[in-house]
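Everything below concerns the one structure shown next.
The sequence lines fix the lettering, A, B, ..., with proteins before strands; numbering per chain opens at 1. Owing to the predicted nature of the structure, the values given are computational and were not obtained by experimental measurement.
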Amino acid sequence: MAEPLTKADVTKVAHLARLKLTDVELDLFTTQLGQVLGYVDLLSELNTDDVPPMAHVADIANVFREDELKPSLPRAASLSNAPKTDGKFFVVPQILEDA
Amino acid sequence: MPHGFVCRESCFELVMPLSLQMPLPMTSAVELLGQLERGETTAVALTEASLTTIQSRDSQIGAFLSTNADAALAQAKAIDDRRRSGQPVGKLAGLPIAIKDNMCTMGLKTTCASRMLQNFVPPYDAHVIEQLKTADAVIVGKTNLDEFAMGSSTENSAFQVTRNPWSLEHTVGGSSGGSAAAVAANMTSVSLGSDTGGSIRQPAGFCGVVGLKPTYGRVSRYGLVAYASSLDQIGPFATDVASAALLLEVIAGHDGRDSTSVDRPVPAYSATVDQPLANLRVGIAKEHFVEGLDPEVEAATRKALDVYRSLGAEIVELSLPHSKYAIATYYLIAASEASSNLARYDGVHYGHRAAEFSNMIDMYSASRGEGFGAEVKRRIMLGNYSLSAGYYDAYYLKALKVRRLIRNDFDAAFAKCDVIASPIASTPAFKLGALVNDPLAMYLSDIYTISANLAGIPGISIPCGLSSAGLPIGLQLQAGPFEEDKLLRAARMFERAS
């Protein structure tokens, strides 16, 4: 399965991951991630056709609780670490064109 | 003058200047709590001693990212007042403790050693912090780690490198390196770390202290900043097994805010830890003694097995046939989960926001590009890649299947033995800078610890000797799910006999 990882692949993944990379990082990560992918290819030698995937080790599933009103963080506390706020909301750059 | 204070002060005189061949003789948490109870020392004296030791030694070690001096001293004074007036106090009343800086502490900065969270002050406490506060433990500071707990040497911190108290040119291991060093350098007698692939056990081994990763689900992860949610688990560092048992007893237990927290009673680990196990069967896996294992580490491990033999234990040879696939499996699963967990850092709700950007998407990318360090970026991209269309089956899904095979190996092994003994790492602590520029080599250094996280089982690291260079060597014991009681008792048997 392993075709060599290209700079274009890394650029695409970095965009999907919303990571702005420098040119130096792009070169470095292309090499390093290529090495890691080459290594994890080791798994392909195992036949796992009949093995069910294990997403989780805990012997529990579907933990439900009552849908009831409970106190939550006050607004001021929720906003206390926001990079930009007007005291009521998180403030973000405009995402829609002017009407 | 209170006894605990005298000991710490005279010890620190001895080691100035700091050219540590051997760290200080350490007083255990259990012993300090006894002194507190008998009135031989006070919470204020212990807290002052801890803060003084940090102040005098941490410029060379770099274990702490922040200290909590004023609040800690005020809390210590309140605890002393309550004890003096005969009011009830908690199980750890007056005991100074250090916390890895990826657990939320209300009002106290929690940075994950990342520029992303450099100024983050949590508005709530993690479950384990609530438990510690209820027990009247005194939080003296937050310790260094690899950024977001991603690393095996604590060199990936955005702020500082932590140096090994046994040799300042060597790493402390990671990612909970600050918490391990804090105990090894006698700054606190106990601390908390988190372990996703060995991040408690490996630094404990490198620093010559005890470190325990509990069963997945034993301790609530509420308020632990998420790295890989199906693998992360919080656990204690201590100078000795009994103190680790006591700390686990305080932090374990069900918490409805973590849906993977398991609702089963917490045994009184500290009450049983001194009881030796009759007919103990210690398993050794042939896959753990292969090429690449340092001869001194192998010799120390085999000597530990002789100690168990002399205690009447039976040594059982067994096999964990899928061991060699553990690292590949781990890095695919951990990176995939990390890519999802770290998507929350968007420069909107909390964390770093870039000063300059052209639009919303660019704001995300610039903020994350500036806020995250190289290892975090690598893991996010590896995770995104292995989850992406066309690669999901070959990477992520494949890893989940191999994870089951690894768990099955352990289930079969524990049908034949009570605990599995192995090295904690192939070598003693490596030198600073030795692996940090070779991510794959760094990943491979986790070979002995990583399977326990994939299988969800508990593991403990206990000191079992020194290398010829004077560096600690750690012995790992692993047990079946929720068998911490057995694990701690088996560890204590060795500790007492060695």
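With respect to chain A, the highest number of heavy-atom pairs below 4.5 Å among Tyr385(B), Tyr364(B), Phe372(B) belongs to Tyr385(B). Here Ser365(B) is the residue among Ser259(B), Ser230(B), Ser365(B) with the most heavy-atom pairs under 4.5 Å with chain A. Per-residue heavy-atom pair counts under 4.5 Å with chain B were compared for Leu5(A), Leu16(A), Val92(A), Ile95(A), and the maximum is reached by Val92(A). Here Ile327(B) is the residue among Ile327(B), Asn119(B), Leu397(B) with the most heavy-atom pairs under 4.5 Å with chain A. Per-residue heavy-atom pair counts under 4.5 Å with chain A were compared for Asn384(B), Val121(B), Asp362(B), Ile380(B), and the maximum is reached by Val121(B). For the set Lys377(B), His352(B), Arg407(B), Glu370(B), the count of heavy-atom pairs under 4.5 angstrom toward chain A peaks at Lys377(B). Ranked by heavy-atom pairs under 4.5 Å with chain A, the list Ile361(B), Asn359(B), Leu117(B), Val262(B) is led by Ile361(B). Ranked by heavy-atom pairs under 4.5 Å with chain B, the first of Thr48(A), Val13(A), Val63(A), Leu33(A) is Thr48(A).
In terms of heavy-atom proximity, Pro93(A) sits nearest to Phe357(B) at CG-CE1, 3.4 Å. For the pair Arg353(B) and Pro83(A), the tightest heavy-atom approach, listed with the atom from each and the gap, is CB-CB, 3.7 Å. Across all their heavy atoms, Lys20(A) and Glu25(A) have their closest contact at O-OE1, 4.1 Å.
A donor-acceptor contact closer than 3.5 angstrom is absent between the side chains of Arg257(B) and Ser220(B). Residues Ser323(B) and Asp409(B) bring no donor and acceptor atom of their side chains to less than 3.5 Å of each other. A donor and an acceptor atom, one from each side chain of Asp255(B) and Ser261(B), are nowhere located under 3.5 Å apart.
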Test side chain to side chain contact (heavy atoms under 4.5 Å, CB included) on Val290(B) and Lys324(B) and set out the steps. CA-CA 11 Å; Val290(B) 290; Lys324(B) 77 173 206 187; over 6 Å; no
Chi angles and distances behind the side chain to side chain contact (heavy atoms under 4.5 Å, CB included) call for Met381(B), Val36(A): CA-CA 12 Å; Met381(B) 287 194 290; Val36(A) 173; over 6 Å; no
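Interface residue Asn437(B): only backbone heavy atoms are found under 4.5 Å from chain A. With a 4.5 Å cut-off on non-hydrogen atoms, Val57(A) touches chain B through its backbone and its side chain both. Both the backbone and the side chain of Leu19(A) come within less than 4.5 Å of a heavy atom of chain B. When heavy atoms are compared at a cutoff of 4.5 Å, Met363(B) approaches chain A solely by way of its side chain, counted from C-beta outward. Heavy-atom distances place no part of Asp263(B) under 4.5 Å from chain A, backbone and side chain included. Looking at Ala455(B), the atoms closer than 4.5 Å to chain A (heavy atoms on both sides) all sit in the backbone: N, CA, C or O. With a 4.5 angstrom heavy-atom cutoff, Thr329(B) touches chain A via backbone and side-chain atoms both.
The contact list for residues 332-339 of chain B toward chain A, using heavy atoms and a distance under 4.5 Å, reads Leu332(B) by residue number. Contact annotation for residues 68-81 of chain A against chain B (heavy-atom separation below 4.5 Å, listed by residue number): Leu73(A), Ala77(A), Asn81(A).
Within a 6.0 Å radius of CD in Glu45(A), more than 12 heavy atoms belonging to other residues, nucleotides or ligands are found.
Between Asp49(A) and Lys401(B) there is no salt bridge, since no side-chain nitrogen of the basic residue lies less than 4.0 Å from a carboxylate oxygen of the acidic one.
For the atom pair Arg218(B) CZ and Lys213(B) NZ, the distance stands at 12.0 Å (nearest 0.5 Å).
Side chains of His15(A) and Lys12(A) form no contact here, defined as non-hydrogen atoms less than 4.5 Å apart. Using a 4.5 Å heavy-atom threshold, the side chains of Asn156(B) and Met442(B) count as separate. At a threshold of 4.5 Å between non-hydrogen side-chain atoms, the residues Arg379(B) and Tyr227(B) count as touching. Leu37(A) is listed as a side-chain neighbour of Leu382(B), based on a closest heavy-atom distance under 4.5 Å.
Ring planes of Tyr443(B) and Tyr331(B): parallel class, angle under 30° (limits at 30 and 60°).
A centroid separation of less than 6.0 Å is found between the aromatic rings of Phe148(B) and Tyr345(B).
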